[in-house]
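Atoms within a ligand are numbered from 1 in the order they appear, just like the ligands themselves. Below, all heavy atoms of this structure are taken into account, side chains as well, without hydrogens, waters or symmetry copies.
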Amino acid sequence: YTTNIVTLSRTLALIKPDAFDRNLSGKIIEHALDSGLRIITIKSVILNKKQVESFYDVHKDRPFFSSLVKYMTSSTTVAMVLEGPNAVDHWRRIMGATNPAEALEGTIRKQFGESVERNCCHGSDSNDNALKEIGFFFNRRELL
Ligand code: IDP
Ligand code: MG
């Protein structure tokens, strides 16, 4: 006989301030749900400078860092934990490339991204980073 065990994993997804301000949260969430991902939890936050500097610490020496911090503190961010088979890769695939100009047709960033910075959404890039990034926004009681 064959067994058919699907291993579910989780990723952190953000709707960034540019998308929140353009009222695109619903459409981006719809993309996630229509693609088969499940929302485990969701909240909105206004990040401060320290939080963004910490979240994007790997980019602290890049020329765009100060602009990125300004953008990410400018308005509300929606944070959600998405779950599904291969959630990290799945969400990054439907988001599309970092630069919306290079993103494939039908992806969220192609549809809604304004620029390489204001690219409307975020997704963790590995399972290890997903765990860290989920912990950045949510405590254990929010993830039961
Ligand atoms: P990712 O969001 O696709 O993982 P990263 O390279 O991790 O892309 O960059 C983090 C964020 O920093 C991007 O989503 C974007 O908002 C911003 N960013 C990345 N590269 C540039 C750039 O060349 N100019 C301006 N902003 C950038
Ligand atoms: Mg990244």
Identify every side-chain donor-acceptor pair in residues 94-107 under 3.5 Å, counting partners at least two apart or on other chains, and give the distances.
| residue | atom | partner | partner atom | Å |
| --- | --- | --- | --- | --- |
| N99 | OD1 | A101 | N | 3.1 |
| T107 | OG1 | L104 | O | 2.6 |
| T107 | OG1 | K110 | N | 3.3 |

Quiz prompt | Basic-acidic side-chain contact under 4.0 Å: D18, R22 | solution = yes

Quiz item: If you look at every heavy atom in D125 and V88, which pair is closest and at what distance?
Solution: C-CG1, 3.8 Å

Quiz item: Any idea how F64 and H59 line up, ring-wise: parallel (<30°), tilted (30 to 60°), or perpendicular (>60°)?
Solution: tilted

Quiz prompt | Residues forming a ring pair (Phe, Tyr, Trp, His ring centres under 6.0 Å) with F20, sequence neighbours excluded | solution = none

Practice problem: Using heavy atoms and a cut-off under 4.0 Å, could you grab the residues that are in contact with ligand 1, chain by chain, numbers ascending? | Solution: K16, Y56, H59, F64, L68, R92, T98, R109, V116, E117, N119

Self-check item: Qualifying side-chain hydrogen bond (donor to acceptor under 3.5 Å, both in side chains) pairs with a residue from residues 34-43, counting only residues at least two apart or across chains
Solution: S35-H90, K43-E142

